[in-house]
*Asks:* 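Sharing a structure with you now.
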Amino acid sequence: MFKFSPDNPVKIAIVGAGAVSDYHHVPGIRLDRRAKLVAACDASEDLLQRRRIDWDVEVVSADYEAVCADPRVDAVVIATPNCTHKPIALAAAKHGKHVMCEKPLGLDADEVRQMYHACRDAGVVHMAAFTYRFAPSMRYLRHLLRAGELGQPRHFRSQRFLDWPETSWGWRQYKNQAGAGDLFDMTIHRIDFAIDLLGPIRRVCGAVARFVPRDVTKDGRACPPSEVDDWSSLIGEFDGGAVGVWEGTTLAKGYGMNGFGHEWAEINGSKRSAVYRLHEPHKLWLGGTGDDLAPRDVPVELLKPAGSPRDPHSGVPATVFRYDLMWEFVSAIVEGRDAVPSFYDGLRAQVVADAVLQSHERRVWIEIPEEPR
Ligand SMILES: NC(=O)c1ccc[n+]([C@@H]2O[C@H](COP(=O)([O-])OP(=O)(O)OC[C@H]3O[C@@H](n4cnc5c(N)ncnc54)[C@H](O)[C@@H]3O)[C@@H](O)[C@H]2O)c1
C-alpha cells in the first residue's frame, strides 16, 4: 500500500496539459494535501512553458515514455486526444504507475480491453474519468435507488443537449484521433452512469448522425471536414428488466445555458421518479403519483466524498464537483483499493458505445456480451 505522509504525497504527472487538465485535474490536485503535481507532459512546447509557470511545476517534458519511467512519479493522469490513451496507459502500466485516463479510454473496445488487462495485471490503480458520477445529485440518485426509495426501476432517460459553434472541433472530429463524435465525447458518460445505476445493459439499438461539415476553424481557415457524429442516440434493455433511452447533440440551438448546456437524466421507478440536472447539481427532483416532481436538496453528507477538504459551497457547483475525481483517484492509491470508476467500467461503457455504431451501420439490435473481470 502507498505510505502517505505530508513528506511523501502521491506524486502525479499530467500527460496532456490541455483544457480538461487545467479545469478539472490540476485544481483537484491542488485541493488534496495527499497529492503533489510533479510533472507535466505535452506535445506542445509552447503550452509546456506556459504550464511550467501557471501550474508551478518543475519537470516538463514532451516525452510521455520518459515521464512514465521517471522514479519521481507515482501516478499518471492521461488527458490527451483519444488515439494516444492506449500507448500512454500501457507505458504507465509497464513502469508500475497508477493511472487515471480520460474518457473514452480508447478508440474502441479492443484498445480499452488491452489497457484494462495491462493495468490489472501490473497491479496498479486504474481509473476512468467519468466525471458525472461525481455530481452530488447523481450520488443522491444512486443512494435513493439503492435504498429502494424509487421502487423497482423501470425507465432510464438521458438528454445531453449542447449549443456549440459549427466550426471545427480539431482532433475531436477525425475518426482516427477521436473514434466517434458526440457518442464517445458525451453520450458515453451517460452510458456509464446508467450502468452504474441500473446494472449491465444487455442489448442496444443505436443511431448517429452528422449534420455539420465543420470544414472551417474558429479563426476562419479551411480544414478537412468532420468525419464524426454530432447527434447520437440509443435505446437499450438492462439485465435487470429496465429500459433506457439516451439522446445527445451539440447542435441544440438555444441550449447554451452558460456553457453547461442541458443535461437531464431520470429514473422512473415503480414508486417514484427522480431527475438529475447538471446545472443544478445540489438538487434532485423527486415525485410520485399525486405528488408532482419538485426539487429536494441533496443531503450535506452527499455533496462531496467523505473526507474531502473541498467546500461544496465555494465556486460554481456544476464545475467544482469535477475536482472530486482526483480525490477518488488519490484515495484509492493511499488506501490500496480499486478506484471507482475503473478501467473495467470504461470497458463496459465502450462495448456499449461500439455497439451503437454497429447497430446504426447494420440497422439491427446488438447483444452485449458479459465482459470478464
Ligand atoms: N471527463 C470529462 O468531462 C472531459 C472533459 C473534456 C475532455 N475530456 C477528455 O480529455 C481528453 C483531452 O481533452 P481536452 O479537451 O483537454 O483536449 P485538448 O486538445 O485541450 O488537450 C489535449 C492536449 O494533449 C496534448 N497532446 C497530444 N498528443 C500528445 C502526446 N502524444 N503526448 C503528450 N501530449 C499530447 C495536446 O498538445 C493538447 O495540449 C480527451 O480524451 C477528452 O475526451 C474529458
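For reference, positions follow the sequence shown, starting with 1. Order of listing sets the numbers, starting from 1, for every ligand and every atom in it.
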*Asks:* How close do Ala353 and Ile188 get, heavy atom to heavy atom, and via which atoms?
*Replies:* CB-CD1, 4.1 Å

*Asks:* Considering non-hydrogen atoms of the protein only, which is the closest contact for atom 41 (O) of ligand 1, and what is the distance?
*Replies:* Asn82 OD1, 2.7 Å

*Asks:* Could you see which bit of Phe130 sits under 4.0 Å from ligand 1, with heavy atoms only: side chain, backbone, both or neither?
*Replies:* neither

*Asks:* Could you tell me which atoms of ligand 1, counted from 1 in the order shown, lie closer than 4.0 angstrom to a heavy atom of Asp185?
*Replies:* 43 (O)

*Asks:* Would you say the side-chain atoms of Glu263 and His279 include a donor-acceptor pair closer than 3.5 Å?
*Replies:* no

*Asks:* To the nearest 0.1 Å, how far is atom 34 (N) of ligand 1 from its closest protein heavy atom, and which atom is that?
*Replies:* Ala43 N, 3.1 Å

*Asks:* Kindly list each side-chain donor-acceptor pair under 3.5 angstrom involving residues 119-128, sequence neighbours excluded, with atom names and distances?
*Replies:*
{"unit_1": "Arg120", "atom_1": "NH1", "unit_2": "Arg373", "atom_2": "O", "d": "3.2"}
{"unit_1": "His126", "atom_1": "ND1", "unit_2": "Phe343", "atom_2": "N", "d": "3.1"}

*Asks:* Under 4.0 Å between a side-chain nitrogen and a carboxylate oxygen: does that hold for Glu45 and Arg50?
*Replies:* no

*Asks:* Just jot down the ligand 1 atoms closer than 4.0 angstrom to any heavy atom of Leu47, in number order.
*Replies:* 39 (O)

*Asks:* Check this for me: does any side-chain nitrogen of one of Glu370 and Arg202 sit under 4.0 Å from a carboxylate oxygen of the other?
*Replies:* yes

*Asks:* So Trp246 and Phe156, ring pair (Phe, Tyr, Trp, His ring centres under 6.0 Å) or not? Walk me through it.
*Replies:* CA-CA 8 Å; Trp246 292 250; Phe156 168 86; 5.1 Å; yes

*Asks:* Could you walk me through whether Phe134 and Tyr323 pass the ring pair (Phe, Tyr, Trp, His ring centres under 6.0 Å) test, one step at a time?
*Replies:* CA-CA 9 Å; Phe134 294 84; Tyr323 309 160; over 10 Å; no

*Asks:* Would you mind running through ligand 1 and noting each atom that sits below 4.0 Å from a heavy atom of His189?
*Replies:* 1 (N), 2 (C), 3 (O)

*Asks:* Nearest protein heavy-atom contact for atom 21 (O) of ligand 1: which residue, which atom, what distance?
*Replies:* Gly18 CA, 3.4 Å

*Asks:* What protein heavy atom is closest to atom 7 (C) of ligand 1, reported as residue, atom name and distance in Å?
*Replies:* Arg172 NH2, 3.4 Å

*Asks:* Step by step, would you call Arg133 with Asp192 a salt bridge (charged side-chain N to carboxylate O under 4.0 Å, His left out)?
*Replies:* CA-CA 8 Å; Arg133 282 203 192 199; Asp192 169 68; 2.7 Å; yes

*Asks:* So, using salt bridge (charged side-chain N to carboxylate O under 4.0 Å, His left out) as the criterion, who are the partners of Glu237 when residues are at least two apart?
*Replies:* Arg203

*Asks:* Find out whether Trp264 and Phe161 are in side-chain contact, i.e. whether some heavy atom of one side chain is under 4.5 Å from a heavy atom of the other.
*Replies:* no

*Asks:* Can you pull out the closest protein heavy atom to atom 12 (C) of ligand 1? Residue, atom name and distance to 0.1 Å, please.
*Replies:* Ala79 O, 3.4 Å

*Asks:* Considering heavy atoms of the protein only, find what lies nearest to atom 26 (N) of ligand 1 and give residue, atom and distance to 0.1 Å.
*Replies:* Pro81 CD, 3.8 Å

*Asks:* What atoms of ligand 1 come within less than 4.0 Å of a heavy atom belonging to His85?
*Replies:* 41 (O)

*Asks:* Is any side-chain N of the basic residue among Arg310 and Asp32 closer than 4.0 Å to the acidic one's carboxylate O?
*Replies:* no

*Asks:* Please confirm whether Trp171 approaches ligand 1 to less than 4.0 Å, judged on its heavy atoms.
*Replies:* yes

*Asks:* Considering the heavy atoms of Gly16, write down every atom of ligand 1 situated less than 4.0 Å from one of them.
*Replies:* 24 (O)

*Asks:* Could you list the atoms of ligand 1 found under 4.0 angstrom from a heavy atom of Thr131?
*Replies:* 1 (N), 2 (C), 3 (O)

*Asks:* Would you tell me whether Asp182 and Ser232 have side-chain atoms, one donor and one acceptor, within less than 3.5 Å of each other?
*Replies:* yes

*Asks:* Minimum distance, heavy atoms only, to atom 43 (O) of ligand 1: which one of Glu102, Gln177, Lys103 is it?
*Replies:* Lys103

*Asks:* Would you say Pro104 has any N or O atom under 3.5 Å from an N or O of ligand 1, going by distance alone?
*Replies:* no

*Asks:* Which residue and atom name correspond to the protein heavy atom nearest atom 38 (C) of ligand 1, and how close is it?
*Replies:* Asp42 OD2, 3.5 Å

*Asks:* Need the ligand 1 atom indices (1-based, order shown) with element for anything under 4.0 Å from a heavy-atom of Ala129.
*Replies:* 1 (N)

*Asks:* For Ala19, counting its heavy atoms only, list the atoms of ligand 1 lying under 4.0 Å from any of them.
*Replies:* 15 (O), 16 (O), 20 (O)

*Asks:* Identify the protein heavy atom lying closest to atom 11 (C) of ligand 1, giving its residue, its atom name and the separation to 0.1 Å.
*Replies:* Thr80 O, 3.4 Å

